Structure formats: C-alpha cells, structure tokens
Chemist: 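This is the structure I have questions about; it appears just below.
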Amino acid sequence: MPAYNEAAFLERTVRDVADGLRAWNRPFEIHVVENGSTDGTRTIAERLSGVIDELSVHSLPVADYGEAIRTGLLESRADIAVLFDVDFYDLGFLKEALSVLDDSS
C-alpha cells in the first residue's frame, strides 16, 4: 500500500485488510510504503507494525507513487502481489481473483 498523507485512513484500512485476510487462513504480508508524508502517516504505520505481525513498513524520502509501488513489490516475498491503495481496496474482488488462480493450477 503506497501511503502519502494517509493518516486519516491508514489505521482503519490496515486493520480491516489484515483482519479480512486472516479470516481466510492463508499466509499473507502487508507492505505499507510511506513516501514523503507530512502528516502522521509514518508514525501510525510504524505503531501498527508493532501490533500486526504481517505488516512491514518502508519509508521513502519524497512523494513518489510509482517508487512506492516498486518498493512494495520488491520487498514482497510472496508469489502473488496485490496493490491496494489506502483509500481503495476490495477484499471481495481479491477473494474471487484468488479463487480463479487456485482453479487454474
């Protein structure tokens, strides 16, 4: 999740995504890539990483959406990576997409 000045939404989103993914009993990781935020985004992300084991936080010095995406993808250890924005994510769609991938194996 690229995160630039997302202090108002970050905690709710990360908790919702983590809780939703845990319910599926599949391994997952969440990467928040804070990039040049001037609000409390980085502080919130770092605090959450202390209580959400699956969360890793990365910081970039300047706002750069593309570099934030690249950083998150490169830091991922998973075979499948999904891009969610802090202000837009859809776990239902993800579940359907994973089902299609599982069926094609």
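Throughout, numbering of the chain's residues begins at 1 and tracks the sequence. Here the structure is a predicted model, which means the values were calculated and not measured.
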Chemist: Please list all pairs meeting salt bridge (charged side-chain N to carboxylate O under 4.0 Å, His left out) that have one or both residues in residues 29-40, counting only residues at least two apart or in different chains.
Modeler: E29-R77
Chemist: Below 3.5 Å, can you tabulate the donor-acceptor pairs from side chains in residues 86-95 to any protein atom, sequence neighbours excluded?
Modeler:
| unit_1 | atom_1 | unit_2 | atom_2 | d |
| --- | --- | --- | --- | --- |
| Y89 | OH | D16 | OD2 | 2.6 |
| D90 | OD1 | G92 | N | 3.1 |
| D90 | OD1 | F93 | N | 2.9 |

Chemist: CZ/R26 to CD1/I80 distance, rounded to the nearest 0.5 angstrom?
Modeler: 6.5 Å
Chemist: My understanding is that only residues two or more places apart in sequence, or in another chain, count here; which of them pass side-chain contact (heavy atoms from CB on, under 4.5 Å) with A68?
Modeler: P2, V33, N35, L60
Chemist: How far apart are the closest heavy atoms of A7 and I44, and which atoms are they?
Modeler: O-CD1, 3.6 Å
Chemist: Kindly write out the residues that satisfy side-chain hydrogen bond (donor to acceptor under 3.5 Å, both in side chains) with E54, not counting sequence neighbours, or none if the list is empty.
Modeler: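 Residues passing side-chain hydrogen bond (donor to acceptor under 3.5 Å, both in side chains) with E54: R22.
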Chemist: Determine whether L98 and F28 fall in the same hydrophobic cluster, where Ile, Leu, Val, Met, Phe, Trp and Tyr are linked whenever their side-chain heavy atoms lie under 4.5 Å apart.
Modeler: yes
Chemist: Can you hop from W24 to L101 via hydrophobic side chains spaced under 4.5 Å?
Modeler: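 Same cluster.
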Chemist: In terms of hydrophobic clustering (I, L, V, M, F, W, Y; side-chain heavy atoms under 4.5 Å; direct or indirect links), are I52 and F84 co-clustered?
Modeler: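 They do share one cluster, since a chain of ILVMFWY contacts under 4.5 Å joins I52 to F84.
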Chemist: Membership question, hydrophobic clusters at under 4.5 Å side-chain separation (ILVMFWY): are V14 and L73 in the same one?
Modeler: no
Chemist: Pairs in or reaching into residues 61-71: which pass side-chain hydrogen bond (donor to acceptor under 3.5 Å, both in side chains), with residues at least two apart or in two chains?
Modeler: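 Those involving residues 61-71 are Y65-D85.
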Chemist: What's the verdict on side-chain contact (heavy atoms from CB on, under 4.5 Å) for L48 and E11, showing C-alpha distance, side-chain angles and the deciding distance?
Modeler: CA-CA 7 Å; L48 288 171; E11 183 161 2; 3.8 Å; yes
Chemist: Counting only N and O atoms by type, is there a donor-acceptor contact under 3.5 Å from the side chain of S49 to the main-chain atoms of V57?
Modeler: no
Chemist: Please step through side-chain contact (heavy atoms from CB on, under 4.5 Å) for the pair M1 and H31, ending with a clear verdict.
Modeler: CA-CA 6 Å; M1 279 182 215; H31 294 270; over 6 Å; no
Chemist: Who passes salt bridge (charged side-chain N to carboxylate O under 4.0 Å, His left out) against E46, sequence neighbours left out?
Modeler: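 Applying salt bridge (charged side-chain N to carboxylate O under 4.0 Å, His left out) to E46 gives R42.
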Chemist: Got a donor-acceptor contact below 3.5 angstrom from the T13 side chain to the F9 backbone?
Modeler: yes
